[in-house]
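Basis for what follows: all heavy atoms, side chains included, without hydrogens, waters or symmetry-related copies.
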Amino acid sequence: VSPDGPNGNYSTRDRLKVGGSPYYRAFIKLNNLPTLASGDLVIESNISLSRYNTSTQYGKELDMYRVAGAWTGSTLTWNNKPNYDDTRIEALIATVTQDVRNEYNITRLVKKWYTGELPNYGVMIKLATESSVWYTEYRSSEYNSAYAGHPYASVIYINTTGIENT
């Protein structure tokens, strides 16, 4: 979403743009997380995004936040975007390398989704300093179906049933 096109919806684009002038923010929804059984414990969770391209500068900080309200990709715009929790989940320093994956660690957030402490409304990525003209683009799930670098989320868990607490 971008304030430059406040009613524009970019859900069918093959890239997620973050930053730029005017700036963009990327919203990511994590549907179809695995169902965990009693005794299952999340030990790690990540979002992996493949870099499409970037502007020529590097070293800019990309920040990820928890989305705090419901939204639908096909209707999301700047004017109707949900709020986000301003407590940063993860920060990455960007490079200019294309086709490299950026891994965002979302373990603490995913654990809260599974315990019911927080609802799963997904995450949002933005530049730490949105006044910069620098940008990056990640491949979205709409990118060429023959390409192996689509975004994905991973949830690693173990079953602790039968382990005694001593």
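Interatomic distance, CG of N46 versus CG of N105, reported as 5.0 Å (0.5 Å rounding). Of the inter-residue distances, the one linking Y143 atom OH with L16 atom CG reads 12.5 Å to the nearest 0.5 angstrom. Of the inter-residue distances, the one linking Y152 atom OH with I47 atom CD1 reads 11.5 Å to the nearest 0.5 angstrom. Note that CG of L92 is 7.5 Å distant from CE of M64, once rounded to the nearest 0.5 Å. Considering CZ of R88 and CG of D63, their distance stands at 5.0 Å, rounded to 0.5 Å. Between atom CD1 of residue I106 and atom NZ of residue K112 there is a gap of 13.0 Å, rounded to the nearest 0.5 Å.
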| task | Please step through side-chain contact (heavy atoms from CB on, under 4.5 Å) for the pair K81 and L76, ending with a clear verdict. | result | CA-CA 6 Å; K81 71 187 180 313; L76 181 68; 4.0 Å; yes
| request: Evaluate side-chain contact (heavy atoms from CB on, under 4.5 Å) for Y10 paired with T12, printing each intermediate quantity in order. | output: CA-CA 6 Å; Y10 307 103; T12 59; over 6 Å; no
| task | Take I158 and D40, measure what side-chain contact (heavy atoms from CB on, under 4.5 Å) needs, and give me the verdict at the end. | result | CA-CA 5 Å; I158 60 172; D40 287 344; over 6 Å; no
| Steps toward side-chain contact (heavy atoms from CB on, under 4.5 Å) verdict (I125, Y65) | CA-CA 6 Å; I125 304 172; Y65 297 89; over 6 Å; no
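When atom types are taken as modelled, the side chain of H150 and the backbone of E142 share no donor-acceptor pair closer than 3.5 angstrom.
Judged purely by distance below 3.5 Å, without hydrogens or angles, the side chains of N9 and S11 pair a donor atom with an acceptor atom. Remark: the R15 side chain and the S140 side chain contain no N/O donor-acceptor pair separated by less than 3.5 Å. Side-chain contact annotation: D4 with S2, donor-acceptor N/O pair under 3.5 Å absent. Checking R101 against S50 by side-chain atom types alone, no donor-acceptor pair falls below 3.5 Å. Judged purely by distance below 3.5 Å, without hydrogens or angles, the side chains of T87 and D85 pair a donor atom with an acceptor atom.
Considering every non-hydrogen atom in both P82 and G69, the closest pair reads CB-O, 3.5 Å. Here the closest non-hydrogen pair linking T77 and N7 is CG2-O, 3.4 Å. Smallest separation of non-hydrogen atoms from Y114 and L36: CE2-CG, 3.5 Å. Looking at every heavy atom in both residues, N53 comes nearest to Y135 through OD1-CE1, 3.7 Å.
Ring centroids of W71 and F27 are separated by less than 6.0 Å, placing the two rings close together. Taking the six-membered ring for Trp, W78 and Y24 have ring centres at least 6.0 Å apart.
Both L62 and L109 are assigned to one and the same hydrophobic cluster, defined by single-linkage of ILVMFWY side chains at heavy-atom distances under 4.5 Å. Transitive grouping of hydrophobic side chains (ILVMFWY, heavy atoms separated by less than 4.5 Å) brings W134 and V18 into a common cluster. Under the 4.5 Å side-chain heavy-atom criterion for Ile, Leu, Val, Met, Phe, Trp and Tyr, Y84 and L127 are members of distinct hydrophobic clusters. Two different hydrophobic clusters hold Y104 and M124 under the rule that ILVMFWY side chains link at heavy-atom gaps under 4.5 Å. Y138 and V67 fall into different hydrophobic clusters, where Ile, Leu, Val, Met, Phe, Trp and Tyr side chains are chained together by heavy-atom contacts under 4.5 Å.
For the side-chain contact (heavy atoms from CB on, under 4.5 Å) test with S45, the passing option among I156, L33, V110 is V110; the others fail.
Remark: D86 does not engage R66 in a salt bridge, criterion side-chain N to carboxylate O under 4.0 Å. Taking 4.0 Å as the cut-off between side-chain N and carboxylate O, E137 and R51 do not count as a salt-bridged pair. Between E44 and K111 there is no salt bridge, since none of the side-chain N atoms of the basic residue sits less than 4.0 Å from a carboxylate O of the acidic one.
The shortest side-chain heavy-atom distance between V155 and T107 does not fall under the 4.5 Å cut-off.
Around the CG atom of N83, the shell of radius 6.0 Å holds no more than 12 heavy atoms that belong to other residues, nucleotides or ligands.
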